[in-house]
Amino acid sequence: MTCSPTDVPADAAIAVDGVTHRFQTLEALHDVSLAIPRGAMFGLIGHNGAGKSTLFRLMLGLIVPTHGSVRVLGQATAAAAFRQARRRIGYLPENFVTYDNLRGNEVLRLFADLKGVPRAECAGLLERVGLDAAAATRPVHTYSKGMRQRLGLAQALLGEPALLFLDEPTNGLDPRGIADFYAILAAAKAGGTTIVITSHILAEIQERVDDLAILQAGRVVAHGTLPQLRTAVALPLRIDATVAPERRAATVAALLLLAARTDNGLTWDEASGRVTVRCPAAAKMAVLAALVPHAADVAVHESTLEQVFLGYGARHVEHV
Ligand SMILES: Nc1ncnc2c1ncn2[C@@H]1O[C@H](COP(=O)(O)OP(=O)(O)OP(=O)(O)O)[C@@H](O)[C@H]1O
């Protein structure tokens with residue numbers, strides 16, 4: 001599922017319409033159209049060099065597209081009036097670099113001054129991202145990677161932005177740091193902030209984003225919810241079941257029937273009672289109806305975002 005220019009709604013937080021971007025002879029983006037609704041958490045994924053950072057820079061108004069247009073918070077990014085809209089945008093770049101000899105609270109005050117946000121916001125923000133008073137008064141060069149990212153998030157959140165761009169924000173964070181990071185994002189989203197995030201850690205974003213787009217060699221090859229992308233790429237799902245010992249003999253007939261229906265995507269180990277079925281998503285309910293009467297336990301494994309992403313990759317290569 002992809003988005004054509006005519007699908008881009010006028011009230012979207014971000015509307016990218018027919019954008020091509022070239023760096024000299026290199027075409028980094030080709031005819032990209034995307035609409036990101038207000039209040040959404042949107043994931044932008046793609047291989048190295050797919051064009052994610054270029055699209056971010058276009059959406060931030062840092063560069064102007066070679067062709068097409070980008071509207072953010074109702075303003076064309078190429079227009080002079082976009083400078084005002086920029087104040088309502090927070091950005092955490094892939095590598096957050098700052099003045100390492102300053103203390104955390106000094107860095108944040110500096111960003112507040114640059115953004116025209118009252119310095120009074122800073123203490124609360126440092127607390128919100130988990131940097132306590134002791135951490136806030138330490139020089140940044142003594143920070144761990146996680147503390148640095150928390151400070152980066154704090155500067156992105158200055159001024160309660162309507163829109164947040166986060167470029168691989170959880171790179172190098174430990175599991176606690178990642179959970180804290182997404183809890184802060186969930187709170188911002190609940191307050192109405194639209195969030196656009198890139199990550200190569202697909203397991204991390206698959207349950208957290210509302211919508212995603214897959215970029216491949218500068219083109220949007222898929223755009224939609226994870227269930228929509230799963231349907232479009234038509235990957236099989238896996239169902240594992242365990243059959244209770246007293247039901248195993250009776251189960252064989254049902255399994256043979258099922259095997260015929262699922263194109264033999266079925267393995268059965270009578271000794272352990274374990275059954276594994278691989279079937280199209282559309283056959284899920286029929287397979288479950290056949291298995292459940294015999295099973296002591298059933299688990300359904302939908303394809304992961306990583307499998308979906310790789311599935312699109314394989315199709316892309318086939319079409320080249
Ligand atoms: N300023 C630039 N000048 C020339 N080429 C550039 C420039 N910026 C990016 N590119 C090229 O544009 C293409 C897209 O790069 P981009 O950084 O947008 O990819 P990406 O998806 O963000 O990659 P990664 O996941 O590695 O960060 C790449 O081929 C890159 O080399």
Side-chain angles (χ1 to χ4, degrees), residues 2-3 14-36 41-72 77-78 82 86 89-98 145 148-149 152-153 156 163-173 178 181-182 185 194-206 208-209 211-224 226 229 233 304-317 319-320:
T2 54
C3 177
I14 300 174
V16 177
D17 193 351
V19 163
T20 291
H21 192 75
R22 282 191 207 101
F23 295 107
Q24 289 89 38
T25 54
L26 187 140
E27 191 175 77
L29 292 173
H30 179 83
D31 196 20
V32 169
S33 290
L34 273 182
I36 301 180
M41 170 103 79
F42 189 90
L44 188 60
I45 63 175
H47 58 80
N48 290 126
K52 303 178 296 294
S53 300
T54 303
L55 190 52
F56 259 35
R57 289 165 66 203
L58 285 163
M59 295 191 292
L60 283 158
L62 300 174
I63 51 176
V64 175
T66 313
H67 293 293
S69 69
V70 184
R71 288 182 74 80
V72 174
T77 54
F82 187 67
R86 282 264 290 274
I89 298 174
Y91 174 42
L92 177 55
E94 186 177 344
N95 297 305
F96 175 63
V97 179
T98 184
K145 170 84 182 161
R148 193 178 278 269
Q149 284 302 92
L153 181 60
L163 181 55
L164 259 183
F165 287 101
L166 308 167
D167 201 349
E168 298 182 35
T170 57
N171 252 357
L173 293 191
I178 292 172
F181 207 93
Y182 280 106
L185 295 191
T194 306
I195 300 169
V196 188
I197 186 165
T198 72
S199 180
H200 288 296
I201 311 165
L202 304 186
E204 179 189 301
I205 61 168
Q206 76 167 41
R208 290 170 164 130
V209 295
D211 258 340
L212 358 109
I214 302 180
L215 266 182
Q216 230 159 47
R219 291 162 198 255
V220 175
V221 293
H223 176 202
L226 178 56
L229 267 47
V233 81
T304 62
L305 178 56
E306 187 172 305
Q307 289 165 330
V308 169
F309 175 71
L310 293 174
Y312 274 100
R315 284 170 10 141
H316 175 76
V317 171
H319 292 160
V320 169

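None of the values given here were measured: they were computed from a predicted structure. Ligands are counted one by one from 1 in listed order, and the atoms in each one are counted from 1 as well.
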query: Going by the order shown, which atoms of ligand 1 are within less than 4.0 Å of some heavy atom of H200?
result: 25 (O)
- prompt: Quick one: nearest non-hydrogen protein atom to atom 11 (C) of ligand 1, plus distance?
  reply: L26 CD2, 3.8 Å
statement: If you compare L215, T198, L29, T54 by their heavy atoms, the one closest to atom 15 (O) of ligand 1 turns out to be T54
- prompt: For E27 and T20, does a side-chain donor sit closer than 3.5 Å to a side-chain acceptor?
  reply: no
message: Tell me which one of T54, L163, V16 satisfies side chain to side chain contact (heavy atoms under 4.5 Å, CB included) with M59.
response: V16
query: Is there any N or O on G51 that sits under 3.5 Å from an N or O of ligand 1?
result: yes
field: Protein heavy atom under 4.0 Å of atom 30 (C) of ligand 1
entry: no
- prompt: Tell me, which protein residue and heavy-atom name are nearest atom 25 (O) of ligand 1, and how many Å apart are they?
  reply: K52 NZ, 2.8 Å
- request: Please write down residue, atom name and distance for the protein heavy atom closest to atom 26 (O) of ligand 1.
  value: N48 ND2, 2.9 Å
query: What atoms in ligand 1 come closer than 4.0 Å to a heavy atom of E94?
result: 27 (O)
statement: What one should report as the nearest heavy-atom pair of V70 and P65 is CG2-CG, 4.3 Å
message: Please confirm whether the ring centroid of H200 lies under 6.0 Å from the ring centroid of F309.
response: no
statement: Heavy-atom proximity to atom 17 (O) of ligand 1, picking from G49, G46, S53, points to S53
field: Check against ring pair (Phe, Tyr, Trp, His ring centres under 6.0 Å), Y312 and H47
entry: CA-CA 11 Å; Y312 274 100; H47 58 80; over 10 Å; no
task: Could you list which atoms of ligand 1 come closer than 4.0 Å to a heavy atom of H47?
output: 21 (O)
message: Quick check: do F23 and T66 have side-chain heavy atoms less than 4.5 Å from each other?
response: no
- prompt: For atom 9 (C) of ligand 1, which protein heavy atom lies nearest, and how many Å away is it?
  reply: F23 CE1, 3.5 Å
query: Can you tell if the side chain of R86 reaches within under 4.5 Å of the side chain of Y91, non-hydrogen atoms only?
result: no
field: Separation of D211 CG from L34 CG (nearest 0.5 Å)
entry: 9.5 Å
